[in-house]
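Convention: sequence-line order gives letters A, B, ...; per-chain numbering from 1.
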There are 2 protein chains.
Amino acid sequence: MNDSGENGEKKRSRRPVAERTAHRDPERTRAAILEAATREFAENGMGGARVDAIAERAGTNKRMLYHYFGDKEQLYLKVLEEAYVGIRTAERALHIGDRSPEEGIGELALFTWRYFLQHPEFLSLLGTENLHRARWLRQSVRLKELHSHLIGELSDVLEQGKKQGVFIQTADPLHVYLTIASLGYFYLSNQYTLSTIFGRDLIEPTHLNAWERHIVHVTLASIKR
Amino acid sequence: MNDSGENGEKKRSRRPVAERTAHRDPERTRAAILEAATREFAENGMGGARVDAIAERAGTNKRMLYHYFGDKEQLYLKVLEEAYVGIRTAERALHIGDRSPEEGIGELALFTWRYFLQHPEFLSLLGTENLHRARWLRQSVRLKELHSHLIGELSDVLEQGKKQGVFIQTADPLHVYLTIASLGYFYLSNQYTLSTIFGRDLIEPTHLNAWERHIVHVTLASIKR
DNA sequence: CAAGCCGGTAACTAAACAGTTACTTGATGG
DNA sequence: CCATCAAGTAACTGTTTAGTTACCGGCTTG
């Protein structure tokens, strides 16, 4: 979703006539719009994002954007849906039940943190959507079932840990996931105000690594007997 | 923020210089604009907030808004600064060092959670400011010293706990505060998308209380020996 | 080979926007 | 009692915005 080599220069939208034929590529155009929209919405929010800016970033124009996605709101919802599909798909590949319960939870915590770290646009989109009280996400039908799998798998691992006597009986799957997500989300999405008010650059590798270890430590400390 | 129960029934007592009619009350107008702006920015972000809407909510007009605050950006910064002053001021009144270390930390966790719960506009403003990478907060000079007090006091409590042997030696004040803030912030600011995708209404009192207990539990579990 | 379809361009429009200006109203002091 | 000044109003302005329309040109196919 990120690279797509091509002539990624924003300023140059002018192309030679002979080259135009090569640019008639609907799927590429569609994908370019979606990627440009992801960045624009992530950087500026729903209210701040500019349709013209998305078209320019995608190396196309508004006509195509409206052609493929209807309007600004539908494009935004598409972007949001794709973002969720991205993390949940990667998550499934983990198979946290294959290891010991303790390792499984630690693995999930590490994965979530690193995914957040590598996909700042996902965090940003979540923030925007929550500012609007999930106004658009609520309209999406296809997302509901995506998430039940996560809780189901997590629940199994916790049950196994409880049986083995390594986890406390009160450990709740949703609480555990929210704990992991909280610690990663807040640190990264609020890094700018936090770095400013506490005078410490939180994005520095040293601090980043320390927080990664902290997340695993806190998560496990909160459920271990 | 105000004592705006009455609209200005002051004619009965003596006639000071500041005696005004109900229609001419600069301080009330200023305060009304600030409060209206807080709500508008919290609900719509910087890009989505409308100057006309703020003026209307404040029961005045744009002319006054520009007169008192300069422009939209300065008004926004003022709103943000006041929000920070609000939480840090309330925090100071806690005196977490007066109790046992364990109680002190628990108290701070409870306070932070409840403050977040009662001031959703604060969370929203933080989200907006971080979307813009602290662009405006960075320009604020008067905020830096507000926050060192918090870390200092927290640090003292942790040290005391370490000496008494109840806290682990590696407990770090900033990490502890970030842990508390993370758990409260994420749950509340992301409640809309979370409730939607997990099909559980997180703002229900039952779940709210459970999460409050969870925050205290996690925080203490992560630093206790 | 022409008809029309499809990917694409660019200029346009109506509305919304931040910020300004010209004006009103009423209190105060000389 | 009028000159002055500050609080407040409302209409205006230039620009930006989401969304539309008119058009272009090569490719496919009957």
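One interatomic measurement links the two molecules: CD1 of B/Ile33 to P of D/dA7, which rounds to 11 Å at whole-angstrom precision. Whole-Å rounding puts the A/Asn61 CG to C/dC12 C1' distance at 14 Å. The interatomic distance linking A/Arg28 (CZ) with C/dC6 (P) rounds to 21 Å, in whole Å. The CD atom of B/Glu56 sits 17 Å away from the P atom of D/dG8 (whole-angstrom rounding). Atom NE2 in A/His67 sits about 11 Å away from atom C1' in C/dC5, given to the nearest Å. B/Phe69 has its CZ atom 12 Å from the P atom of D/dG8, to the nearest Å. Put simply, CZ on A/Arg30 is 12 Å from P on C/dG7, counting in whole angstrom units.
Side-chain rings of A/Phe186 and B/Phe186 stay apart, their centers remaining 6.0 Å or farther from each other. For an aromatic pair to be called close, the ring centres must be under 6.0 Å apart, and A/Tyr84 with A/His147 satisfies this.
Here the NE2-CH2 distance, from B/His175 to A/Trp211, works out to 6.0 Å after rounding to the nearest 0.5 Å. Rounding to the nearest 0.5 angstrom, the gap separating the CH2 atom in A/Trp113 from the CG atom in A/Leu183 is 9.5 Å. Atoms OG and CG, from B/Ser124 and B/Asn44 in turn, are 8.5 Å apart once rounded to the nearest 0.5 Å. Note that the CG atom of A/Leu188 and the CZ atom of A/Phe116 stand 8.5 Å from one another [nearest 0.5 Å].
Not one N or O on the side chain of B/Lys78 forms a donor-acceptor pair closer than 3.5 Å with the backbone of B/Glu73.
Neither OP1 nor OP2 of D/dA7 sits under 4.0 Å from any side-chain N or O of B/Thr29. A/Thr60 has a side-chain polar atom (N or O) that falls below the 4.0 Å cut-off from OP1 or OP2 of C/dT9.
One axis for each end of the helix from C/dC1-D/dG30 to C/dG30-D/dC1, each built from five base pairs, and the angle between them comes to 20° at 10° resolution.
Minimum heavy-atom separation, B/Gln74 to B/Phe69: CB-O, 3.2 Å.
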Per-nucleotide protein contact string for nucleotides 17-22 of chain C (B base, S sugar-phosphate only, - none; heavy atom under 4.0 Å)
SBBBBB
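A/Asp71 is linked by a salt bridge (Lys or Arg N to Asp or Glu O under 4.0 Å) to nothing, counting only residues two or more places apart in sequence or in another chain.
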